[in-house]
Each structure stands twice: as structure tokens, then as C-alpha cells.
Asker: 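The structure under discussion is supplied below as C-alpha cells; questions concerning it will follow.
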Amino acid sequence: MTQTDAFHGSKIVILDFGSQYTQVIARRIRECQVYSQILPFDTKAAEVARTGARGIILSGGPASVYGKKAPHSDPALFGLGIPVLGICYGVQLMAYQLGGKVEKSERREYGAGELHADVSCDLFRGLPPVLDVWNSHADKITKLPRGFHSVGRTDNSDFAAIEQPRKRLYGLQFHPEVAHTPRGKEILQNFLYHVCECKMDWTMGSFIEQACEEIRREAGEDHVVLGLSGGVDSSVAAALLHKAIGDQLTCIFVNNGLLRSREAETVRRVFGENFRIKLKYVEASRRFLARLKGVREPERKRKIIGNEFVKVFEEAARDLTSGGSARFRFLAQGTLYPDVIESVSISGNPSAMIKSHHNVGGLPKRMKFKLIEPLRQLFKDEVRQVGSQLGLPKEIVFRQPFPGPGLAVRILGEVTPARLRILRDADEIVLSEMKASEWYYKVWQSFAVLLPVRSVGVMGDERTYQKTIAIRIVESQDGMTADWVRLPYEVLGRIASRVINEVKGVNRVCYDISSKPPSTIEWE
């Protein structure tokens, strides 16, 4: 499925001017059960109209509208007859392009503020006349375009909220999408339901139904191969594809020898036995460990593992295509909507960040498969909802992130079978105690790290000189920033006691209390 695929219901298009909150806007709209789609700021009005959008939102951004290189939208957007809501930079741009005036403010507004709102405006329907809001701007509107009037003011601006009701054009100088604007979601709901007349038809049930139709249409009678890692994204993609095309799907699971305890058995049980999905299991542990022998540098370990995975997957896929009558013309990947947004270059966007997809180990184009990416419309929380509705067990749907190179980046130094055994045993204790104490699903990640450090200890009146395990447990929203978890001492104590007593070769356990930044979540 391509990026331009449309949801067959109410839709809001968001034009991205580089705001750090653009994805937050999209998520808030979807929380209101309305589908949202982010497009580049310079998308032509005719293209926006073709999407069938019932409303347009102009995001915030770091530029000033009067700057020489400031990103501007197509002015024809305001004549489409589709409601428009400008937020922060978006409202300033609307005013500027329609004949108003925007100037640098003598007093910047950053942080909490108080809005005096005209509750007769549709945006503020059902809300009190004074609202707490969150600001982040250094410019302000000083003259309104013809036909506009103020419907909200702050101490710093008489035009903190504006409207042109006849053309259904609205603007907010503050950010309704952030949690720091307590009634912001209600303002967005008023725009969606009362101004744009959207229906609440974006549900994971409706998505599953439409996605299955699209998959069947695209795949036809051909077969699809999917690299299954056991992670959330590839697992949900597998379950969705299987619901849509059944035995036309074959999953390839590569055991690289760097997996957690019983990981391979879990994947084979959940997908092979319970879901009856065709699963090609590739045992490649010795092959990967041989390539890693003597390698200590972290980045080199990652590259070796990634390159070797591509080779193993290529060989397995080649066996499928040449070993039977089935035509494997499609490769499925668990690409999510944030991947799509980040991988699209937005010309002139001052915050544009281009990231190449790395799904399925970065498979090469020469494989000559057509791509099917059934989750590319979804955010992570929506993927989990889909997985739950498809019947995937909680242990899969809500599992913590696990690095692509596996335990190799949690062993500092050379990866050997003996070191893997120590780390795997310690990691299993960490996870079992986190689940037993009901902390596992409250945190972002919890795992063990094997350090290249030996220290003196005493066990049974004998001197020991053994290895050290570090425990890393962090809380985060998206993995971009993270803080260490203040785990109860009794839980930490049980983990440390069990690791020292049950894992042969370990006599010391440390707890990592560093945050990201400056540290990273993984140690390598």
C-alpha cells in the first residue's frame, strides 16, 4: 500500500511547517476517532482537495512568516471551501497570506498563559470564557485580514484566536494539541465535529476491514513473504496479512543466536501453532557467532549482524521462490506512520529529518519484491490496538522494544557462547521479576547488560573473581528521551539476589541510574 492510500471516511489533512508538535496534532485527531494525514507544507491546493479532506490544519513551525526563506502554503487552500485551522505559525501564515500583518512581538510568549475566549465561536462551544493555554512564539498578529475578527485574547495579544466564520477559517496562537492546554482536546473536537462535520469513523475495526480489502486487491493470487522478528510491528503485520490472505503469506524467522531465552520457541508457538501461519524457521546461530568471533567494536558488530541477516534472509526467500509453484512477488514490512513521515524529505522544512527505512534488516532493492506495508497508516499505539483485536497475546502486543542486533549490543566486548549464556540467564531473571512484580508493562524497557568487568567476591567462604551484570530499567514515551525508573528496593533486591545466586559466573550486580540524554538506553 502506498503513502497516498486514502481512508474511506472523515479525514483531516495536516500541513507540516516543521513543528515539533505536528505528530502530536495527528495523534490527538485520531484519538477523536477521525483519520489524520500529514502532508508537506507546500502541497498544492488541488492535491489536498483530491484527498477528500473535510478539514485542513496548518501546523506550527520555528520560522517567522515574514522571513526570506519562510515556508509558505499554497494560497489557494483558503479558497477551497474546506475549513482551515491555523495553529501558532499556521495562524500567523494565514493572516499574512490573506492580507493581515505579523510582526516580532516586544514580549515573547513561551509557556503557560491565560486565554479570554468568545464562547459564541464554534471552537469554544461548551467551554468556559477563561482557559489555561500553552504558548510558544515570538511573533504576533498586529492586523487582521479583511473579514476576520478576534475571538480570543491574552495579555500579550488581542488576536490570540481569530475567525472568518463565513469562509470557516480559524486560527489559534497557542497550542491546543499539547497536554499543557488542559481543554485543548475539546477545542480540537469542536473543530472536527462542529466546524468540519467529521464522523467518528476511524476505529481499529474499520482499519482492519479496509486494510484486508486493500491487501487482497494488491496481492491478488500471488504470495507474500514477511521477515518476522517477534517484535510488535512485524508480529501485527503478520497477523493482519494472515487474516487477509491466509496461506498466501509465508513468514521467515531467522534465529541469529542473539535472541533472548526461549524467543524462537515463543514465535514458533504463537505463529506456527496458534495462528497456523506458514513459518520458515532458519537456524543460523553458528553462522552469526562465527562472523562475530574476535569483534569488539560496537558499530562493527551491528554492521556484521545487519549484513549477515540480509544474506540469510535472501537465501531463505530465494529457496521459497525457487522451491515450489507459489509465486512470491511481494515483501511485507512492518513500516509505521512515523517512519513514513520521517522518510519523506520536506523541501525547505527547517526541522525536516530524513531517515531511511531499516525494516527487515535493511533488505536490498535487488531482491525485486514489490512492497506491502499494511501498517504504514498507524502510530505505535494504534498498532498495539490492532494486534489486540486480531487476537495476538499480550506478551507479543505489549512487549518491550528489543534491539535488532539482539544481545550482541548488550555484551560489551566480544560475543561468545559463554558470555551469551550468562547474559541470557541474567536477562531472563530480570524479565521474570519485572512481570511478577507487575512492573514490566509500566516501563519502556528493562534488561541486563554484561560488562567487561571482573571483581572480587566471596561465595561459600571462597574468594571469587567473576563478572558484573548491570541492570537497565527506563521509562520513556518514544525512546527519544528516557529516565531511569525508581524501582522499589525490594524488587531490585530480588533481581540482584537471583542473578548472583542463579547465574554461574556473576558475583556483582549494578543498577544504571543514568538518563537519556546524556546516556543512551542501550549501552552500545
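Everything numeric in this text was worked out from a predicted model, so none of it was measured.
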Asker: Could you list the donor-acceptor pairs under 3.5 angstrom formed between side-chain atoms of residues 239-253 and any protein atom two or more places apart in sequence or on another chain?
Answerer:
unit_1 : atom_1 : unit_2 : atom_2 : d
Q248   : NE2    : G220   : O      : 3.0
Q248   : NE2    : D222   : O      : 2.6

Asker: Which pair of heavy atoms, one from V232 and one from I396, lies closest together, and at what distance?
Answerer: CG2-O, 3.4 Å
Asker: On a heavy-atom basis, which atom in L378 and which in W202 lie closest, and how many Å separate them?
Answerer: CD2-CZ2, 3.7 Å
Asker: Could you measure the distance from the CD atom of E395 to the CG atom of L431? Nearest 0.5 Å is fine.
Answerer: 12.0 Å
Asker: If you measure from the Lys or Arg side-chain nitrogens to the Asp or Glu carboxylate oxygens, is any gap between E315 and R318 under 4.0 Å?
Answerer: no
Asker: Using the rule given for side chain to side chain contact (heavy atoms under 4.5 Å, CB included), can you reason through S446 versus Y440, listing the C-alpha separation, both sets of side-chain angles and the distance that settles it, and then say yes or no?
Answerer: CA-CA 7 Å; S446 49; Y440 179 84; 4.2 Å; yes
Asker: For F275, what residues pass the ring pair (Phe, Tyr, Trp, His ring centres under 6.0 Å) criterion, not counting sequence neighbours?
Answerer: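 Result, ring pair (Phe, Tyr, Trp, His ring centres under 6.0 Å) vs F275: none returned.
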Asker: Around atom CD of E438, are there more than 12 heavy atoms of other residues, nucleotides or ligands at under 6.0 Å?
Answerer: no
Asker: Should we say atom NZ of K370 is surrounded by more than 12 heavy atoms from elsewhere, each under 6.0 Å from it?
Answerer: no
Asker: Tell me whether R472 contacts the main-chain N or O of S514 through its side chain, where contact means a donor paired with an acceptor under 3.5 Å.
Answerer: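 At least one qualifying donor-acceptor pair exists.
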Asker: So, E382 side chain and M204 main chain: donor-acceptor pair closer than 3.5 Å or not?
Answerer: no
Asker: So, does S10 use its side chain to make a donor-acceptor pair with the main chain of C198 at under 3.5 Å?
Answerer: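 Judged by distance alone, no pair lies under 3.5 Å.
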Asker: Count the heavy atoms belonging to other residues, nucleotides or ligands that lie under 6.0 Å from CZ of R286, then report whether that count exceeds 12.
Answerer: no
Asker: Looking at every heavy atom in both I513 and W484, which two are closest together, and how far apart are they?
Answerer: O-CD1, 3.0 Å
Asker: Are side-chain heavy atoms of Y35 and R54 found at a separation under 4.5 Å?
Answerer: no
Asker: Measuring only between side-chain heavy atoms, which start at C-beta, is P417 closer than 4.5 Å to L289?
Answerer: yes
Asker: Tell me, yes or no, whether the heavy-atom count around E283 atom CD, taken from other residues, nucleotides or ligands under 6.0 Å, exceeds 12.
Answerer: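 Enclosed: over 12 neighbouring heavy atoms sit under 6.0 Å from CD of E283.
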Asker: Looking at R384, is its backbone amide N or carbonyl O close enough to the side chain of S388 to form a donor-acceptor pair, meaning the two atoms are under 3.5 Å apart?
Answerer: yes
Asker: Between R296 (side chain only) and E414 (backbone N and O only), is there a donor and an acceptor less than 3.5 Å apart?
Answerer: no
Asker: Can you tell me if CD on E221 sees more than 12 non-hydrogen neighbours from other groups inside 6.0 Å?
Answerer: no
Asker: Applying the salt bridge (Lys or Arg N to Asp or Glu O under 4.0 Å) criterion to E428, which one of R260, R262, K435 satisfies it?
Answerer: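 For E428, the salt bridge (Lys or Arg N to Asp or Glu O under 4.0 Å) test succeeds with only one of R260, R262, K435, which is R262.
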Asker: For residues 492-500, run the donor-acceptor check on the side chains, cut-off 3.5 Å, and write out each pair with its distance to 0.1 Å, sequence neighbours left out.
Answerer:
unit_1 : atom_1 : unit_2 : atom_2 : d
R494   : NE     : E433   : OE1    : 3.2
S497   : OG     : N501   : ND2    : 3.3
R498   : NE     : E502   : OE2    : 2.9
R498   : NH1    : S432   : OG     : 3.2
R498   : NH1    : E433   : OE2    : 2.9
R498   : NH2    : E502   : OE1    : 3.2

Asker: Run I29 and I25 through side chain to side chain contact (heavy atoms under 4.5 Å, CB included) and show every step you take.
Answerer: CA-CA 6 Å; I29 292 170; I25 298 172; 4.0 Å; yes
Asker: Rounded to the nearest 0.5 Å, how far does CZ of R30 lie from CZ of F379?
Answerer: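 One gets 5.0 Å once the value is rounded to the nearest 0.5 Å.
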Asker: Does the side chain of V254 come within less than 4.5 Å of F288's, by heavy atoms?
Answerer: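 Sidechains of V254 and F288: in contact.
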Asker: Nearest 0.5 Å please: distance from the CG atom of L375 over to the CD atom of E373.
Answerer: 9.5 Å
Asker: So do P488 and W439 actually touch side chain to side chain, heavy atoms under 4.5 Å?
Answerer: yes
Asker: Measure from the side-chain N and O atoms of S437 to the backbone N and O of M434, and report whether any donor-acceptor pair falls under 3.5 Å.
Answerer: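 Here the side-chain-to-backbone pair exists.
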Asker: Less than 4.5 Å apart, side chain to side chain, heavy atoms only: is that true for I215 and V224?
Answerer: no
Asker: Taking atom CZ of R276 as the centre, report whether more than 12 heavy atoms of other residues, nucleotides or ligands fall under 6.0 Å from it.
Answerer: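 Not more than 12 within 6.0 Å, no.
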Asker: Please test V485 against K442 for side chain to side chain contact (heavy atoms under 4.5 Å, CB included), starting from the C-alpha separation and ending with a verdict.
Answerer: CA-CA 10 Å; V485 174; K442 298 177 183 178; over 6 Å; no
Asker: Apply side chain to side chain contact (heavy atoms under 4.5 Å, CB included) to L420 and V415, showing your working.
Answerer: CA-CA 7 Å; L420 276 167; V415 178; 3.8 Å; yes
Asker: Examine distances only and state if a side-chain atom of Y193 and a backbone atom of C32 form a donor-acceptor pair shorter than 3.5 Å.
Answerer: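 Yes; judged by distance alone, with no hydrogens or angles, the pair exists.
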Asker: Is the side chain of E522 donor-acceptor paired with the backbone N or O of E524 at a distance under 3.5 Å, no angle test?
Answerer: no
Asker: So, for P374 and A237, which heavy atoms are closest and what is the spacing to 0.1 Å?
Answerer: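 For P374 and A237, the tightest heavy-atom pair comes out as CG-CB, 4.3 Å.
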Asker: For the residue pair F271 and A238, what are the closest heavy atoms and their distance?
Answerer: CE2-CB, 4.2 Å
Asker: Would you give the length of the straight line joining atom OG1 of T51 to atom CD1 of I12, rounded to the nearest 0.5 angstrom?
Answerer: 9.5 Å
Asker: Quick one: which of R399, R424, R269, R268 gives a salt bridge (Lys or Arg N to Asp or Glu O under 4.0 Å) with E263?
Answerer: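 Going through the options one by one, the only one that passes is R399.
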Asker: For the residue pair V312 and R287, establish whether any side-chain heavy-atom pair is separated by less than 4.5 Å.
Answerer: yes
Asker: Do side-chain atoms of Q400 reach the backbone of F402 as a donor and acceptor pair under 3.5 angstrom?
Answerer: no
Asker: Rounded at 0.5 Å granularity, tell me how far CD1 in I57 sits from CZ in R28.
Answerer: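 That separation rounds to 12.5 Å.
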Asker: Measure across A482 and V474 and return the closest heavy-atom pair with its distance rounded to 0.1 Å.
Answerer: CB-CB, 4.1 Å
Asker: Could you give the distance from CD1 (I411) to NZ (K467), rounded to the nearest 0.5 Å?
Answerer: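 Those atoms lie 10.0 Å apart.
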Asker: Knowing that exactly one of V453, V509, V506 qualifies, which makes a side-chain contact (heavy atoms from CB on, under 4.5 Å) with T468?
Answerer: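 The option that passes is V453.
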Asker: Any non-hydrogen side-chain atom of L292 less than 4.5 Å from a side-chain atom of K301?
Answerer: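 Yes, their side chains come closer than 4.5 Å.
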Asker: Would you confirm whether D427, through its side chain, and F447, through its main-chain N or O, come within 3.5 Å as a donor-acceptor pair?
Answerer: no
Asker: State, yes or no, whether a side-chain contact exists between Y511 and I473 at a heavy-atom distance under 4.5 Å.
Answerer: yes
